[in-house]
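Just so we're on the same page: letters track the sequence lines, and every chain starts at 1.
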Protein chains: 2
Amino acid sequence: MTIEQEFFNQYRLMYRPFINKLNVQLEPYQLYSSQWAVLRFLKDKGPHSFVDIANFMSIEKPSVTKLVHKLLELGYVETMAGKDKREKLVHLSAYGEELVQEIKSHLKPFFEHALAGVAQQDIEIATQVFARIYMNINQ
Amino acid sequence: MTIEQEFFNQYRLMYRPFINKLNVQLEPYQLYSSQWAVLRFLKDKGPHSFVDIANFMSIEKPSVTKLVHKLLELGYVETMAGKDKREKLVHLSAYGEELVQEIKSHLKPFFEHALAGVAQQDIEIATQVFARIYMNINQ
DNA sequence: TTATATTAGTTAGCCTAGCTAACTATAAAC
DNA sequence: GTTTATAGTTAGCTAGGCTAACTAATATAA
């Protein structure tokens, strides 16, 4: 087994336990990890269109429609007019802003526990590896 | 944003593009990445029961039933009697053995391309980080 | 030794988180 | 002014899981 194969084996093996545990953490907020990813994107990058969200998350437009409509129902986000009559910009509501802050605090110990015993430098190295793979894979 | 949050953001962001590209690579063999994970497990660790597969992959027994039955249909695996009349051991068929070898060779350049420009040492560090998280998360 | 509890695998039916195809409304390009 | 492209939606599909409830076989305890 090459180290590349081993890397991707371990990468994938970790995915489901991680997502399952994350979803448990998010349950009090009526959120799944995919919806949380949208909120985090809006928090970090500000208001963006449905297409922007699709591109950022590497998913298709109809998937974004579903995610955002659920977040609208929950009152966590709102839409406003975009640069023309077709485009709609999604942004966090006042309530959503508060909630995202709260969730971030709530998740902090979970993430720290997950990475317990890992050197800060190694976390940074691994993070850069992800970014590089993302780039390589999308040419 | 803490480095822990950034780590998990990047981790998740990479997942879908990676799995989608991997599934394209596996298409000629009529396999999806989850089915491939089962074959790889059987190749690496030898014949195992449905419960063993469930534990290893962190999924439930009914999910294993579906995956293995698909692999049986394709003729890639076979079952044999286990240590008692309840248990069934799954193992690669002769054809499956050959195929797994072929797929591994086929995937090699894909993995190398994905990790192009990443130092061997950093790949190893990241792999160990995954293993540690897996351990931390499952107590 | 029987009654009870546990374990291995299956079936049915559900959910998340995506997808494609086809559509409407609007905008851009020719 | 017609064609082409873009933003978002709808309908209906799939992968890849899940829980609940079941059967058959085994282990435990009275």
side-chain hydrogen bond (donor to acceptor under 3.5 Å, both in side chains) filter on B:Glu112, not counting sequence neighbours, yields B:Lys108
request  = Determine the contact category for B:Ser58: base if any of its heavy atoms lies under 4.0 Å from a base atom, sugar-phosphate if only primed atoms, P, OP1 or OP2 are that close, otherwise nothing.
outcome  = sugar-phosphate
So does B:Asp44 pair up with B:Lys104, basic N to acidic O under 4.0 Å? yes
If the cut-off is 4.0 Å, is B:Lys70 near the phosphate of D:dG16, judged by side-chain N/O to OP1 or OP2?
no
Does the plane of the ring in A:Phe56 sit parallel, tilted or perpendicular to the ring in A:Phe41? Use 30° and 60° as the thresholds. parallel
When rounded to whole Å, the CG to P distance for the pair A:Asn55 and D:dA7 reads 9 Å
Relative to each other, are the rings of B:Phe130 and A:Phe130 parallel, tilted or perpendicular (30° and 60° limits)?
parallel
Output yes when a side-chain donor or acceptor of A:Tyr11 lies under 3.5 Å from a complementary backbone atom of B:Tyr11, and no otherwise. yes
note: B:Ile59, atom CD1; D:dC18, atom P; distance rounded to Å ~ 6 Å
Separation of C:dA17 atom C1' from A:Ile53 atom CD1, nearest Å, is 16 Å
The residue, A:His69 or B:Gln35, whose nearest nucleotide of DNA chain D is more 5′ is A:His69
Every protein N/O lying under 3.5 Å from an N/O of nucleotides 22-26 of chain C:
from, atom 1, to, atom 2, distance (Å)
C:dT26, O2, A:Arg86, NH1, 3.4

Discussion item. D:dT26, OP1 or OP2 - any side-chain N/O from B:Lys83 closer than 4.0 Å?
Written reply: no
Separation of C:dT10 atom C1' from B:Leu67 atom CG, nearest Å, is 14 Å
A:Asn136 side chain vs B:Ala116 backbone, donor-acceptor pair below 3.5 Å
yes
To the nearest angstrom, the CE-C1' distance between A:Met57 and C:dC19 comes to 14 Å
A:Arg12 atom CZ is separated from D:dA15 atom P, nearest whole Å, by 14 Å
Verdict with supporting geometry, B:Val64 and B:Val51, side-chain contact (heavy atoms from CB on, under 4.5 Å): CA-CA 8 Å; B:Val64 176; B:Val51 166; over 6 Å; no
For A:Tyr76, is there any backbone N or O sitting under 3.5 Å from a side-chain donor or acceptor partner on A:Ser93?
yes
Protein-nucleotides 14-16 of chain C N/O pairs under 3.5 Å:
from, atom 1, to, atom 2, distance (Å)
C:dT16, OP1, A:Tyr32, OH, 2.9

Would you tell me if any nitrogen or oxygen in the side chain of B:Arg16 comes within less than 4.0 Å of OP1 or OP2 on C:dA17?
no
From NZ of A:Lys88 across to C1' of D:dT9 the rounded distance in Å is 8 Å
B:Glu60 atom CD is separated from C:dA12 atom C1', nearest whole Å, by 16 Å
For the residue pair B:Phe50 and B:His69, does the interplanar ring angle fall in the parallel (under 30°), tilted (30 to 60°) or perpendicular (over 60°) class?
perpendicular
Does C:dC19 have its OP1 or OP2 closer than 4.0 Å to a side-chain nitrogen or oxygen of A:Ser63? yes
